[in-house]
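Beneath this line is the structure, given in structure tokens, with notes to follow.
Throughout, protein chains are lettered first and strands after them, A, B, ... in sequence-line order, and every chain is numbered starting at 1.
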Amino acid sequence: NAGVTQTPKFQVLKTGQSMTLQCAQDMNHNSMYWYRQDPGMGLRLIYYSASEGTTDKGEVPNGYNVSRLNKREFSLRLESAAPSQTSVYFCASSPQGVGEQYFGPGTRLTVT
Amino acid sequence: AQSVSQHNHHVILSEAASLELGCNYSYGGTVNLFWYVQYPGQHLQLLLKYFSGDPLVKGIKGFEAEFIKSKFSFNLRKPSVQWSDTAEYFCAVYGNAGNMLTFGGGTRLMVKP
């Protein structure tokens, strides 16, 4: 099992450009999550999907959209990137109702 | 809403020293508690977890944590740290009102050889 995979690993964007971060899990988990990690701020939840077909905002959703394509895949889209979105983005998945999450390797995004 | 506080932001220890990292949470209901570790340049990995039962839980690499319900605490301990324990450590709480895991701000541990 690959666990949680993310693509790309690194990305540099110019302000105003758009991009989609991809995430997939092969553990048959119901719930999936997108976080951003910034120095000194820990992990902040952007969006999550409790189950296939549902998505909800987390703590910092502004400037992002998500799609739960199917049970395996959960993508994060930046429509018009801003320098404030420079961060490391982690995707995670979880069996529903227990809280334990499994994380992907992360995407390091720089917006210039 | 639930919240998690990690009071030590940076800790520097010498090898063989003992470690205790504090974690306090605020949530009135039943909680599941976690410690995650992030080694430099890597993703978060589960170190240990508490769901119920014995409040002293043991995790990987000699780490343990004690859940003290009356103090809303879940402190992480290790009797003797190694250089390879250099990492950032995150405490996290899952309360069953809402399908979300709340993380503390993290503690960056540096172990000097």
Side-chain angles (χ1 to χ4, degrees), chain A residues 2-7 9-10 21 23 25 27 29-61 66 68 74 87-108, chain B residues 1-11 21 23-25 27 29-53 57 59-60 65 67 74 87-109:
Chain A
V4 180
T5 57
Q6 291 182 237
T7 54
K9 286 194 168 70
F10 301 94
L21 281 64
C23 174
Q25 53 93 9
M27 295 175 282
H29 288 165
N30 287 317
S31 303
M32 297 185 74
Y33 308 83
W34 277 105
Y35 294 90
R36 59 178 289 173
Q37 184 180 29
D38 302 292
M41 302 190 76
L43 275 84
R44 292 183 291 169
L45 183 65
I46 304 171
Y47 270 94
Y48 68 101
S49 171
S51 60
E52 186 179 354
T54 69
T55 60
D56 286 286
K57 295 178 180 179
E59 183 184 353
V60 289
V66 290
R68 183 76 183 266
F74 188 40
S87 188
V88 181
Y89 291 85
F90 288 100
C91 177
S93 71
S94 172
Q96 198 158 9
V98 294
E100 180 175 350
Q101 294 184 11
Y102 297 80
F103 286 82
T107 296
R108 187 173 293 274
Chain B
Q2 57 199 36
S3 64
V4 181
S5 296
Q6 292 181 242
H7 306 296
N8 314 102
H9 299 294
H10 291 92
V11 174
L21 302 182
C23 172
N24 288 90
Y25 67 92
Y27 182 72
T30 302
V31 293
N32 293 342
L33 299 159
F34 306 87
W35 276 97
Y36 283 86
V37 60
Q38 186 177 30
Y39 297 104
Q42 296 189 28
H43 62 286
L44 274 78
Q45 303 169 48
L46 184 67
L47 199 55
L48 50 78
K49 61 188 177 186
Y50 173 80
F51 286 359
S52 64
V57 293
I60 59 171
F67 170 49
F74 190 55
E88 190 158 15
Y89 293 81
F90 294 92
C91 181
V93 172
Y94 178 83
N96 54 13
N99 189 34
M100 285 193 285
L101 193 61
T102 301
F103 285 87
T107 297
R108 199 174 290 271
L109 171 67

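Between A:Q101 and the choices B:Y94, B:Y36, B:F34, the side chain to side chain contact (heavy atoms under 4.5 Å, CB included) rule is met once, by B:Y36.
Around CZ of A:R44, the count of heavy atoms belonging to other residues, nucleotides or ligands within 6.0 Å exceeds 12.
Of the listed residues (B:H9, B:Q6, B:Q38, B:Q42), the one with the most heavy-atom contacts under 4.5 Å to chain A is B:Q38. With chain A as the partner, the residue from B:G105, B:G106, B:G104, B:A92 showing the most heavy-atom pairs under 4.5 Å is B:G105.
The contact between B:L44 and chain A is made by backbone and side chain atoms together, counting heavy-atom distances below 4.5 Å. The contact between A:Q37 and chain B is made entirely by side chain atoms (from C-beta outward), counting heavy-atom distances below 4.5 Å. For A:L45, the part lying near chain B is the side chain, with the backbone staying farther off; criterion is any non-hydrogen pair under 4.5 Å.
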